[in-house]
Colleague: 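What follows is a structure written as structure tokens; I'll ask about it next.
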Amino acid sequence: MAVIGMNGSGKSTLLKCLNGLLKPRSGIVMLDGKNLNKMKREEIAKHVGYVPQRYHEGDLTVFDAVLLGRKPHIYWSPSDYDFDVVNYALQAMEIERYALRPVRELSGGEIQRVMLARAIAQEPKVLLLDEPTSSLDLYHQIEVMNLLYMMAKDMGMAIIFSMHDINLALQFADRFLLLKEGKVYAYGGLEIITPQNIEDVFKVEVSLTQIGDHILVTPLLKSKNNFDFAESVNLGA
Amino acid sequence: MLDKPIVDSYKSYTRRRNRVFIVLILTLLLTSAISLSLGSSNMSLADLVSALLGNEESTNSTIIWHIRFPRIIGAVLAGWALAMSGVVLQCILHNPLASPYTLGISQGAAFGAALAITVIGFQPTEVNSAILNFLSLGTGFFAFLGASATTCVLLILSQKRKLSSEAIILSGVALSALASAGTMMIQYFASDIEVASIVFWTFGDVSRASWKDLSLVAIFLLPSFIYFMLNRWNMNAIMEGAEVAKTLGVNAEKMIKINIMLAALVTSLVVATFGVIGFIGLAAPHITRLLVGGDHRHLLPQSCITGALLLLVSDTIARNILSPVVLPVGIITSFMGAPLFLYMLMKGGNRKF
């Protein structure tokens with residue numbers, strides 16, 4: 001499921017509520033029929049994985065950082081199974097050759113893949129991703145999203161992600177949640193992706209084009225606020 | 001079975017880190033033995049062994065059991081505790097500059113001690129020398145209060161006001177300046193004897209602890225160490241940021257609070273017992289980090305050993321370099337530690353994997 005909306009529309013806040021980092025002011029979050037806010041952190045950690053938008057780059061090596069994702073499942077020391085899962089996650093994110101390097105020496109996109117690998121290693125039932133592709137190049141955007149798509153299909157994992165690239169979201173998500181000013185504007189399948197809805201949410205006129213199987217959203221390059229920079233500078237002087 | 005080169009190389013990396021640990025422990029044991037045999041009384045190795053085996057009557061036995069042994073244990077405990085606090089503080093504040101000394105915890109303790117010595121009069125005089133044992137405990141208690149006060153301010157700033165880690169370090173610098181100014185003020189108005197005893201106290205010296213003091217330090221040190229070891233994974237998680245830690249099932253806020261308080265408790269106990277010993281809490285974690293990386297499963301125990309080793313080596317040098325004059329170890333730690341630290345930083349800066 002893709003969460004789509006403007007900056008500050010509440011995408012990250014929603015994801016944090018879904019994972020218990022923030023308590024909703026009204027309403028409750030249910031996970032497998034249980035109230036999430038009544039669950040212990042360790043319990044939530046076994047079921048819900050989360051990759052925030054911003055993260056600290058610790059001194060850990062990549063392998064240790066990903067192994068940390070196994071923490072909710074490890075009692076004393078990691079088992080061979082834990083190592084196998086980490087191995088799989090590293091390979092899936094194509095970062096195995098950096099395994100023994102400190103995370104902070106990597107580039108932004110590589111670090112983002114480390115964080116994704118950690119969430120995958122956590123083997124959650126629900127995976128919450130806050131802009132998982134924001135630092136990735138085109139190739140890795142497609143690779144990562146493909147992999148997540150396969151995981152959702154094969155393992156029945158629910159993946160909820162926020163994303164600014166509507167076209168990428170359109171290709172991989174089957175449900176969409178449009179947020180506007182902290183409220184749900186629309187929720188549903190592809191049918192809610194209409195030029196009218198997108199214009200209402202983003203204040204930008206768009207046209208939809210059908211290319212093969214999927215729909216392409218193209219903004220009509222006309223900003224709503226016709227702010228003339230040169231003019232305003234002249235006025236100031 | 002699939003071929004897993006990454007897992008294999010990771011396991012060998014772990015083995016390498018464990019080997020460093022073993023080497024550190026062996027070095028510490030060896031240094032203790034050497035330190036035990038060195039001293040101004042020119043004891044032979046045979047005397048040493050016979051004294052160790054319980055030859056109660058000899059002077060050597062007294063020297064070993066009442067002077068050198070407590071001193072070595074003191075150095076190990078103090079180094080251990082300071083390094084441990086350093087690791088913990090650096091982890092939870094996400095700041096490599098954090099240490100008991102840079103956060104002003106040590107200076108707070110020194111101020112407390114100075115206050116006790118002058119205002120309340122816990123200094124040795126002819127009248128009270130009989131109950132001096134009790135009085136030294138009083139000074140220690142005030143040092144503990146001073147350290148706790150500093151820590152409380154830091155805790156309130158970080159928890160209630162949600163200051164960033166940089167701001168916490170800055171407040172630590174401010175607090176330490178405040179405490180030092182307070183100490184200087186007291187010294188300015190104090191009598192000669194009082195000044196001497198404050199200065200002596202702030203020097204930091206591992207020889208002043210009795211077996212009773214040492215066991216007190218150990219009673220608090222060991223449980224905290226076990227607590228931190230049990231939380232070694234959680235500390236890794238906290239280092240990745242509080243949000244990530246929470247998603248991994250760590251109660252981050254509670255853990256940060258407990259960690260700060262334990263670190264302060266252990267530090268103030270060390271400062272109260274041995275005086276101000278700078279630098280170990282900052283240098284030991286960093287030296288260890290260069291050796292084994294930032295994973296707390298390795299970093300924490302190994303830093304403790306490194307800290308103990310650093311302080312023990314410093315103290316052994318302090319006892320022997322100007323023999324028979326015994327220098328306070330605080331001077332040597334900085335004299336020796338600073339260049340070593342700078343050297344390791346330079347070397348580490350060039351290192352590429």
Side-chain angles (χ1 to χ4, degrees), chain A residues 16 19-21 40-46 48-78 80 82-84 86-88 90-91 95-105 114-115 118-119 122 124 128 130, chain B residues 1-14 16-18 87 90-96 165 229-255 285-286 288-290 292-299 348 351-353:
Chain A
K16 283 179 191 171
N19 145 38
L21 279 181
K40 283 191 175 157
R41 287 241 67 96
E42 300 93 59
E43 214 181 322
I44 299 175
K46 282 182 190 160
V48 185
Y50 168 65
V51 178
Q53 222 173 95
R54 283 186 289 265
Y55 21 74
H56 283 275
E57 302 139 27
D59 274 328
L60 296 178
T61 61
V62 170
F63 197 103
D64 284 325
V66 176
L67 187 62
L68 202 52
R70 298 299 303 161
K71 200 197 87 64
H73 305 279
I74 296 175
Y75 288 99
W76 185 249
S77 63
D80 279 343
D82 293 321
F83 284 130
D84 286 351
V86 172
N87 190 33
Y88 168 76
L90 288 172
Q91 280 174 346
I95 43 175
E96 67 270 23
R97 65 203 160 97
Y98 310 121
L100 296 184
R101 276 177 49 181
V103 173
R104 71 189 139 76
E105 285 183 4
V114 173
M115 300 301 147
R118 166 149 71 213
Q122 209 176 330
L128 308 170
D130 206 344
Chain B
M1 190 89 179
L2 278 163
D3 189 29
K4 295 189 209 71
I6 314 158
V7 175
D8 288 341
S9 64
Y10 176 74
K11 281 183 175 165
S12 81
Y13 175 56
T14 304
R16 196 161 70 236
R17 293 188 285 190
N18 287 336
V87 171
Q90 284 169 15
C91 164
I92 53 180
L93 293 176
H94 294 118
N95 197 313
S165 69
M229 279 309 285
L230 289 176
N231 277 296
R232 63 211 192 288
W233 282 94
N234 298 353
M235 284 168 73
N236 276 350
I238 289 208
M239 213 171 58
E240 301 284 304
E243 268 187 4
V244 173
K246 282 193 212 164
T247 358
L248 294 171
V250 182
N251 190 340
E253 278 105 8
K254 185 175 141 210
M255 199 159 137
H286 283 296
T288 317
R289 199 166 280 136
L290 291 171
V292 297
D295 185 344
H296 284 83
R297 288 174 296 154
H298 299 271
L299 179 63
R351 192 176 54 169
K352 289 274 174 284
F353 289 101

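Per chain, numbering begins at 1; letters A, B, ... match sequence-line order.
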Colleague: Checking side-chain contact (heavy atoms from CB on, under 4.5 Å) for the pair A/L60/B/N236: CA distance, chi angles, key distance, verdict?
Modeller: CA-CA 8 Å; A/L60 296 178; B/N236 276 350; 3.7 Å; yes
Colleague: Measuring only between side-chain heavy atoms, which start at C-beta, is B/I6 closer than 4.5 Å to A/R97?
Modeller: no
Colleague: What residue in A/K16, A/E96, A/Q122, A/R118 has the most heavy-atom pairs under 4.5 Å with chain B?
Modeller: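 Maximum pair count with chain B is reached by A/R118.
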Colleague: Would you say B/Y10 and A/D64 make side-chain contact, with heavy atoms under 4.5 Å?
Modeller: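 When only atoms from C-beta onward are counted, A/D64 and B/Y10 do touch, with a gap below 4.5 Å.
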Colleague: Would you say the side chain of A/N19 lies within less than 4.5 Å of the side chain of B/T247, judging by non-hydrogen atoms?
Modeller: yes
Colleague: Which atoms of B/S9 come close to chain A, meaning under 4.5 Å heavy atom to heavy atom: side chain ones, backbone ones, both, or neither?
Modeller: both
Colleague: Using a 4.5 Å cut-off on heavy atoms from C-beta on, say whether the side chain of A/L67 contacts that of B/R297.
Modeller: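 Answer yes - side chains close enough.
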Colleague: If we ignore hydrogens and angles and just use 3.5 Å, is the side chain of A/R41 paired with the main-chain N or O of B/K246 as donor and acceptor?
Modeller: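 Judged by distance alone, yes, a pair lies under 3.5 Å.
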Colleague: Would you indicate whether A/K40, at its atom NZ, is surrounded by more than 12 heavy atoms from other residues, nucleotides or ligands within a distance under 6.0 Å?
Modeller: no
Colleague: Is the shortest side-chain heavy-atom distance between B/W233 and A/P72 below 4.5 Å?
Modeller: no
Colleague: Evaluate the side-chain proximity of A/K71 to B/N234: yes if any heavy-atom separation is below 4.5 Å, no if none is.
Modeller: yes
Colleague: So do B/V244 and A/M115 actually touch side chain to side chain, heavy atoms under 4.5 Å?
Modeller: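 No, every pair of side-chain atoms sits at 4.5 Å or beyond.
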Colleague: Ignoring hydrogens, what is the shortest heavy-atom contact between A/A45 and B/G249? Give both atom names and the distance.
Modeller: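 For A/A45 versus B/G249, the nearest heavy atoms are CB-N, 3.4 Å.
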Colleague: Is it the side chain or the backbone of A/L90 that comes within 4.5 Å of chain B heavy atoms, both, or neither?
Modeller: side chain
Colleague: Please rank B/E240, B/H296, B/H94 by heavy-atom pairs under 4.5 Å with chain A and give me the top one.
Modeller: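 Ranked by heavy-atom pairs under 4.5 Å with chain A, first place is B/E240.
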Colleague: Using a strict cut-off of less than 4.0 Å between a Lys/Arg side-chain nitrogen and an Asp/Glu carboxylate oxygen, indicate whether B/E243 and A/R54 qualify as a salt bridge.
Modeller: no
Colleague: With a 4.5 angstrom heavy-atom cut-off, is it the side chain or the backbone of B/L299 that approaches chain A, or both, or neither?
Modeller: neither
Colleague: Can you find a pair of side-chain heavy atoms, one from A/T61 and one from B/D295, that are under 4.5 Å apart?
Modeller: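 The answer is no; the side chains never approach within 4.5 Å.
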Colleague: Any chance you could measure A/H73, atom NE2, to B/L248, atom CG, to the nearest 0.5 Å?
Modeller: 9.5 Å
